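As structure tokens, the structure follows; a few thoughts come after it.
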Amino acid sequence: MSQTVSELLVGVLEQIGVKHVFGLIGDSLNPLADAVRQSKIEWVGVRHEEGAALAAAGQAKLTGQLAVCAGTTGPGSTHLVAGLYEASRDHAPVLALSGDMPRPMHGTDFIQTTEPDLLFRDVSLYTETISSPAQAPAVIHQAIAAAYAGPGVAHLTLPQDVISAKAVGAAASVATLKPRSEITPGETDVAEIARRLDKAGVIMCGAGCRGAADLLGALSNHLKAPLVHSVRGKELMAYDDPRWMGGLGMIGTKAVYNAVQQCDLLLMIGTDYPYSNFLPAKGTVIQIDERAQVLGRRVPTVLGVTGSARPTLKLLLDKVAAKTDTKFWDKVTYERAKWDEMLTKQADLKRSKDRIHPQAVARGVSDLARPDAIFVFDTGLNTLWSANWIRQTGSQRIIGSFNNAAVGTALAQANGVQALDRSRQVIALIGDGGFNMLMGEFMTAVHHRLPVKVIIYNNSALGLITLEAESVGLVPFREAIEFPNPDFAALARACGGHGFMARKPNELMAAIAEALAVDGPAIVDAVVTADEMPNMPHVELEQVGHYAVAKIKEAVLAVTGG
Ligand SMILES: Cc1ncc(C[n+]2csc(CCOP(=O)(O)OP(=O)(O)O)c2C)c(N)n1
Ligand SMILES: [Mg+2]
């Protein structure tokens with residue numbers, strides 16, 4: 001049967017299990033959208049193309065499977081780019097499709113002209129224009145293969161005349177388009193790690209340890225070594241597992257910071273933790289990762305082994321000698337319990353009569369969420385509240401913008417994740433600044449019956465920026481940092497969703513519970529204190545000084561009028 005290039009492309013996507021195309025239809029994309037319309041794939045029309053790229057990124061981060069987004073000629077595709085960095089920075093396989101004007105119009109500065117292959121160059125591992133039907137099968141295959149190999153973003157430019165033309169040939173080797181296999185390390189490397197694991201050690205786990213929780217637990221038991229994690233590793237094990245001591249850094253605990261600084265050996269597995277100043281200044285570091293290029297780049301490292309977490313851990317467990325000394329373990333456990341108590345106090349709703357502290361919002365959501373909920377975090381102070389106060393079950397999932405650190409990314413990623421399973425509880429936790437950025441994507445949720453629950457930390461400010469200024473001794477630029485908000489609960493209702501407002505501590509839990517219980521998308525507008533200081537497990541005395549200086553300057557400005 002004869003088919004168009006668009007149908008050929010959509011046919012390949014269908015064959016490899018793609019369930020959705022997130023996009024915003026228009027001119028050059030019409031032939032592609034028409035092929036999607038006739039396929040089993042669902043077209044999820046978004047309000048802003050950045051929302052399409054983010055939705056695809058969210059899906060790909062969660063599942064490791066290819067997700068797809070599309071924008072039309074020129075500005076329609078330009079909007080995709082920012083969202084695609086989420087997939088590229090978190091190494092998630094996404095295929096981005098840019099419609100483009102018919103080829104006869106190329107090169108004449110026609111309306112909406114861009115150079116998509118140039119524009120997408122930085123964010124993509126592969127970008128190519130399908131410039132003839134005969135080229136299409138091989139280029140489609142190559143793009144998807146590149147997205148999986150990275151993993152990361154692949155991009156195709158689709159001139160309207162080419163994708164509506166009759167296809168030439170068929171796609172081959174479709175069976176090869178899948179996530180890459182795990183890498184088993186060499187025997188000598190494993191023997192060398194085992195030989196060195198004789199000191200009091202800490203095991204640091206990142207996103208690369210997905211699926212390896214049992215093996216990590218077994219190694220920890222065997223070595224009496226505490227397990228600590230990067231923020232992307234947090235979801236892997238239950239918060240109250242005695243071996244899972246907590247995170248490192250600002251999303252982390254003093255107990256873990258001390259453990260990492262004081263241990264004789266740090267074994268890093270599946271993590272490219274970027275904050276070198278939190279990594280050990282004195283201990284020996286060994287790193288295992290399937291990405292050879294990340295070995296040794298964050299901290300002086302004596303041994304780097306290329307291997308995936310699961311096969312490496314399996315081999316190691318057979319080789320390492322068991323330990324019985326629990327002195328180091330006991331010390332970390334003791335400090336961890338103290339830190340946890342402090343977190344619980346900070347999240348206590350009774351802390352203030354009239355004001356909601358943001359920690360209570362995160363803890364409230366955590367306490368009421370389903371045991372298999374998916375949390376999507378945004379960027380800002382709110383990341384610290386969500387990541388430090390949510391007590392994950394081990395079956396819950398957590399994604400965010402942890403490598404791209406972009407504000408305004410959670411809602412649209414949540415939409416993508418929710419589309420995979422509308423019966424799963426998906427909760428986006430967002431600052432008011434972040435929600436304002438892409439609030440139109442709440443309409444995408446309403447439109448496509450995506451029952452995403454949105455929790456807004458409403459402090460009427462780009463909160464983290466206040467802190468950033470203060471930490472370097474600058475006076476926070478209030479006029480630039482603070483802003484008015486709409487009534488988000490009323491906005492939710494105006495959109496056709498559900499809205500709940502919490503201004504006082506005694507309103508918070510009911511608002512969260514009702515939002516989680518309703519059928520359909522919902523917003524909780526939680527009005528929180530704007531002057532909350534985050535915990536700093538590692539505090540520079542110099543920085544504390546700067547805060548004091550900034551506070552004094554602020555007070556002076558208040559009196560003098562600046
Ligand atoms: C897209 C983007 N723009 C700007 C920044 C810089 N930035 C980091 S945090 C932040 C404040 C975010 O404010 P809000 O969403 O209200 O969260 P809060 O810090 O108040 O919890 C900004 C502007 C960024 N990281 N990403
Ligand atoms: Mg804010």
Side-chain angles (χ1 to χ4, degrees), residues 85-86 88-91 193 196-197 199-209 216 225-234 236 244-307 309 312 328 332 335-336 339 377 379-381 383-384 387-388 398 400-406 464 467-468 470-473 534-547:
Y85 279 92
E86 274 310 316
S88 112
R89 303 290 297 130
D90 271 358
H91 312 293
I193 304 173
R196 288 172 180 270
L197 286 181
K199 302 179 184 163
V202 170
I203 303 171
M204 177 155 186
C205 317
C209 292
L216 288 170
L227 299 172
V228 307
H229 57 77
S230 67
V231 61
R232 290 188 70 204
K234 176 179 165 85
L236 297 173
W244 204 233
M245 298 289 184
L248 179 64
M250 289 290 285
I251 297 175
T253 73
K254 186 101 188 155
V256 168
Y257 178 70
N258 289 343
V260 167
Q261 291 305 318
Q262 290 159 13
C263 69
D264 297 320
L265 185 125
L266 179 71
L267 177 62
M268 295 171 71
I269 312 180
T271 176
D272 182 30
Y273 183 80
Y275 303 105
S276 302
N277 52 329
F278 286 97
L279 291 169
K282 71 172 181 72
T284 304
V285 176
I286 297 174
Q287 190 177 3
I288 301 164
D289 206 290
E290 55 187 23
R291 302 161 294 178
Q293 76 273 21
V294 311
L295 298 174
R297 72 174 172 185
R298 305 298 183 195
V299 63
T301 300
V302 296
L303 177 63
V305 170
T306 308
T312 312
F328 184 67
V332 182
E335 287 182 17
R336 175 230 174 120
W339 186 270
F377 297 172
T379 300
L381 275 181
T383 324
L384 303 181
N388 282 319
I398 299 171
S401 181
F402 302 132
N403 283 311
N404 196 32
L464 186 66
L467 197 77
E468 280 175 358
E470 288 176 349
S471 69
V472 293
N535 294 322
M536 301 198 193
H538 155 86
V539 188
E540 303 271 353
L541 280 177
E542 192 198 348
Q543 265 181 319
V544 174
H546 282 318
Y547 286 119

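Just so you know, these numbers come straight off a predicted model, no measurement behind them.
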>> Quick one, Tyr273 and Val299 - any side-chain contact, counting heavy atoms below 4.5 Å?
In response: no
> Looking at Cys209 and Ala309, what are the two nearest heavy atoms and their distance?
Replying inline: CA-CB, 3.9 Å
>> So which atom in Leu295 and which in Gly304 form the shortest heavy-atom distance, rounded to 0.1 Å?
In response: CD1-C, 3.8 Å
> Between Arg232 (side chain) and Gly208 (backbone), is there a donor-acceptor pair under 3.5 Å?
Replying inline: no
> Which heavy atom of Pro226 sits nearest a heavy atom of Gly201, and at what distance?
Replying inline: CD-O, 3.3 Å
> Does Thr379 reach the side chain of Asn404, with side-chain heavy atoms less than 4.5 Å apart?
Replying inline: no
> So do Pro537 and Val256 actually touch side chain to side chain, heavy atoms under 4.5 Å?
Replying inline: no
>> Between Asn403 and Tyr85, is the side-chain contact (heavy atoms from CB on, under 4.5 Å) condition met? List the steps.
In response: CA-CA 9 Å; Asn403 283 311; Tyr85 279 92; over 6 Å; no
>> Which label fits Phe278 and His538: parallel for a plane angle under 30°, tilted from 30 to 60°, or perpendicular past 60°?
In response: perpendicular
> What distance do Thr306 atom OG1 and Asp289 atom CG have between them, rounded to the nearest 0.5 Å?
Replying inline: 8.5 Å
> Is a side-chain N or O of Gln261 found less than 3.5 angstrom from the main chain of Leu279, in a donor-acceptor match?
Replying inline: yes
> So, for Val285 and Pro300, which heavy atoms are closest and what is the spacing to 0.1 Å?
Replying inline: CB-O, 3.6 Å
>> To check you understand the geometry: which heavy-atom pair defines the closest contact between Val202 and Val260, and what is its length?
In response: CG1-CG2, 4.3 Å
>> Could you measure the distance from the CZ atom of Arg297 to the CD atom of Gln287? Nearest 0.5 Å is fine.
In response: 8.5 Å
> Do Met268 and Thr301 come close enough that some side-chain heavy atom pair is under 4.5 Å?
Replying inline: no
>> Checking the side chain of Lys234 only, and the main-chain atoms of Ile398 only, is there a donor and an acceptor separated by less than 3.5 Å?
In response: no
>> Are Val302 and Arg196 packed together at the side-chain level, in the sense that at least one heavy-atom pair is separated by less than 4.5 angstrom?
In response: yes
>> Between Leu267 and Ile193, is the side-chain contact (heavy atoms from CB on, under 4.5 Å) condition met? List the steps.
In response: CA-CA 9 Å; Leu267 177 62; Ile193 304 173; 4.2 Å; yes
> What distance separates Met204 CE from Ser230 OG, expressed to the nearest 0.5 Å?
Replying inline: 5.5 Å
>> For a 4.5 angstrom cut-off between non-hydrogen side-chain atoms, does Leu384 reach Asn535?
In response: no
> Between Arg336 and Thr253, is a side-chain contact (heavy atoms from CB on, under 4.5 Å) present by the stated rule, with each step listed?
Replying inline: CA-CA 7 Å; Arg336 175 230 174 120; Thr253 73; 5.9 Å; no
> Which pair of non-hydrogen atoms, one from Glu335 and one from Asn258, has the smallest distance, and what is that distance?
Replying inline: OE1-ND2, 3.1 Å
>> So Leu216 and Ile269, do their side chains get closer than 4.5 Å, heavy atoms only?
In response: yes
> Is there side-chain contact between His229 and Leu236, with at least one heavy-atom pair below 4.5 Å?
Replying inline: no
>> Could you check whether any side-chain N or O of Thr271 sits under 3.5 Å from a backbone N or O of Gly206, counting only pairs where one atom can act as donor and the other as acceptor?
In response: no
